[in-house]
Amino acid sequence: RAKSAGGNRFELADPEADARAITRHGLTTALPAALERGEFFIEYQPLVHLGDGSVRGAEALVRWLHPQHGVLGPDRFIPLAEHTGLIVPLGRWVLEQSVRQAGQWCERAGGAGPLRVNVNLSPCQLTHPGLVQDTVDILERAGVRPEALCLEVTESALIGADDDLLKPLRRLAEMGVDIALDDFGTGYSNLANLRRLPVSVLKLDRSFTQGMQQFPADPVDLKIVEGIVSLAHSLDLAVTVEGVETGAQAEQLRILGCDTAQGWYYARPGPPDRLHELALVDATG
Ligand code: C2E
Ligand code: MG
Ligand code: MG
Ligand code: MG
């Protein structure tokens, strides 16, 4: 937005908003070349079994090493990539890298047990006709079993989903890929609706974990999480909790029956080899 101040001089109405708009625009147009030049990279954050503390796998989280702006988090560019459709090739790249990474972890872990990888899917990827075949091809090329992959879809992406939208997810689930409902509890989905969805994991949003910061936690928060966990388990769904930052949170969530946890208390997202070290340390005591 610029106001003409007579002649051909322009005065910025709101310089800050304008700078943001330029950055948005600049980032959006830079996305395709960034993918070609290999400016994206993936960090992995461990998923830890709450019962025995072992590392079971990791969530893949994409970052952009921008030549001018440094490392940008996904919240800065995923919405832009969704808007332009670049999320489809970018998401496919993330999936391919992550699945290959999981293959390497499994190979190197040997007897320490398989390490699985969780990959986030955007709504645009869900409606893209190539999703199932791309996933099959990627798993095959990497020689990775479908059971080592979990695709995370947000609750809001599946609200009101009709059968056409659920079909590819059903196919993937039948193949053995796990489907997780990400950021669960932030949307408004009908709990009974869960039965229709081909999901096997609920990822409880960080906002619930935040309620467990004090010990003892807020009794209402405890009741809500307890209710969600028991409902999930009665539907045969595993419960993963996000955003665990303290030991007190981990302990309370474990007592409430949550299965897996993820958060800074265990590890921040990091390079792939770090996960391997964490899992190995873990396997050797
Ligand atoms: P998400 O899938 O819910 O991922 C969890 C986010 O919480 C990550 O943020 C992670 O770094 C952060 N986190 C983990 N532990 C803690 C903790 O203990 N405390 C706090 N405060 N935060 C924690 P990140 O990496 O910035 O990613 C943000 C979102 O971007 C993700 O949320 C996901 O929705 C999206 N995203 C990331 N990678 C991809 C991708 O490859 N494709 C798509 N479509 N979306 C992605
Ligand atoms: Mg996620
Ligand atoms: Mg999440
Ligand atoms: Mg989240």
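We count ligands from 1, going down the list as the structure has it; atoms in each ligand are counted the same way. The model shown is predicted, which means the values in this text are computed figures rather than measured ones.
Within the structure, ligand 1 has Pro269 among the residues with a heavy atom less than 4.0 angstrom away. The closest approach between any non-hydrogen atom of Gly243 and ligand 1 is below 4.0 Å. Taking 4.0 Å as the cut-off, Gln262 does not count as a neighbour of ligand 1 on heavy-atom distance. Assignment of Glu82 to the shell around ligand 1 is not supported, since no heavy atom sits closer than 4.0 Å. Arg268 does not count as a contact of ligand 1, since none of its heavy atoms falls under 4.0 Å from the ligand. Distances from ligand 1 to the non-hydrogen atoms of Lys203 include no value under 4.0 Å.
If you number the atoms of ligand 1 from 1 as listed, the ones under 4.0 Å from a heavy atom of Glu245 come out as 17 (C), 18 (O), 19 (N), 20 (C), 21 (N). Short contacts between ligand 1 and Val62, defined as distances under 4.0 Å to a heavy atom of the residue, involve ligand atoms 38 (N), 39 (C), 40 (C), 41 (O). Near Gln45, meaning under 4.0 Å from any of its heavy atoms, are these atoms of ligand 1: 14 (C), 15 (N). Using a 4.0 Å cut-off to heavy atoms of Pro74, the atoms of ligand 1 that qualify are 24 (P), 25 (O), 26 (O), 27 (O), 28 (C), 30 (O), 36 (N), 37 (C). Below 4.0 Å from some heavy atom of Asp183 lie the following atoms of ligand 1, by number and element: 3 (O). Using a 4.0 Å cut-off to heavy atoms of Asp182, the atoms of ligand 1 that qualify are 1 (P), 2 (O), 3 (O).
Sorted by first and then second residue, the side chain to side chain donor-acceptor pair (under 3.5 Å) pairs with a member in residues 65-89 read Glu82-Ser122; sequence neighbours excluded.
Nearest heavy atoms, Gln249 versus Thr246: OE1-N, 2.9 Å. Minimum heavy-atom separation, Ala58 to Trp105: CB-CH2, 3.9 Å. Among all heavy-atom pairs drawn from Pro74 and Arg63, the shortest one is CD-NH1, 3.3 Å.
The OE2 atom of Glu59, the Mg ion (ligand 2) and the OD1 atom of Asn120 define an angle of 90° (nearest 10 degrees). Angle OD2(Asp182) to the Mg ion (ligand 2) to OE1(Glu152): 90° [nearest 10 degrees].
Not a single donor-acceptor pair under 3.5 Å links the side chain of Asp134 to the backbone N or O of Asp137.
One side chain, Ser200 or Asp178, offers a donor N or O that lies under 3.5 Å from an acceptor on the other.
Contacts between Glu43 and ligand 1 below 4.0 angstrom, taking non-hydrogen atoms only, are absent altogether. When non-hydrogen atoms are compared, ligand 1 lies under 4.0 Å from the side chain of Asp75 (C-beta onward) but not from its backbone.
For residue Glu242, no N/O/S atom approaches the Mg ion (ligand 2) to within less than 2.8 Å.
Salt-bridge annotation for Glu59 and Lys203: present, with a side-chain N of the basic residue lying under 4.0 Å from a carboxylate O of the acidic one.
Side-chain contact between Ile42 and Ser98 is present, with at least one heavy-atom pair separated by less than 4.5 Å. Residues Leu237 and Val199 are in side-chain contact: their nearest non-hydrogen atoms beyond the backbone lie under 4.5 Å apart.
The nearest non-hydrogen atom to atom 44 (N) of ligand 1, considering only Gly263, Ala267, Ser122, comes from Ser122. When the heavy atoms of Glu242, Glu152, Glu59, Arg206 are ranked by distance to atom 7 (O) of ligand 1, first place goes to Arg206.
With a 4.5 Å cut-off between side-chain heavy atoms of Ile, Leu, Val, Met, Phe, Trp and Tyr, the cluster of Ile255 takes in none.
Following chains of ILVMFWY side-chain contacts shorter than 4.5 Å, one can reach Ile87 starting from Phe40, so the two form part of one hydrophobic cluster. The hydrophobic cluster containing Leu275 does not contain Leu61, counting ILVMFWY residues as joined when their side-chain heavy atoms lie under 4.5 angstrom apart, directly or transitively.
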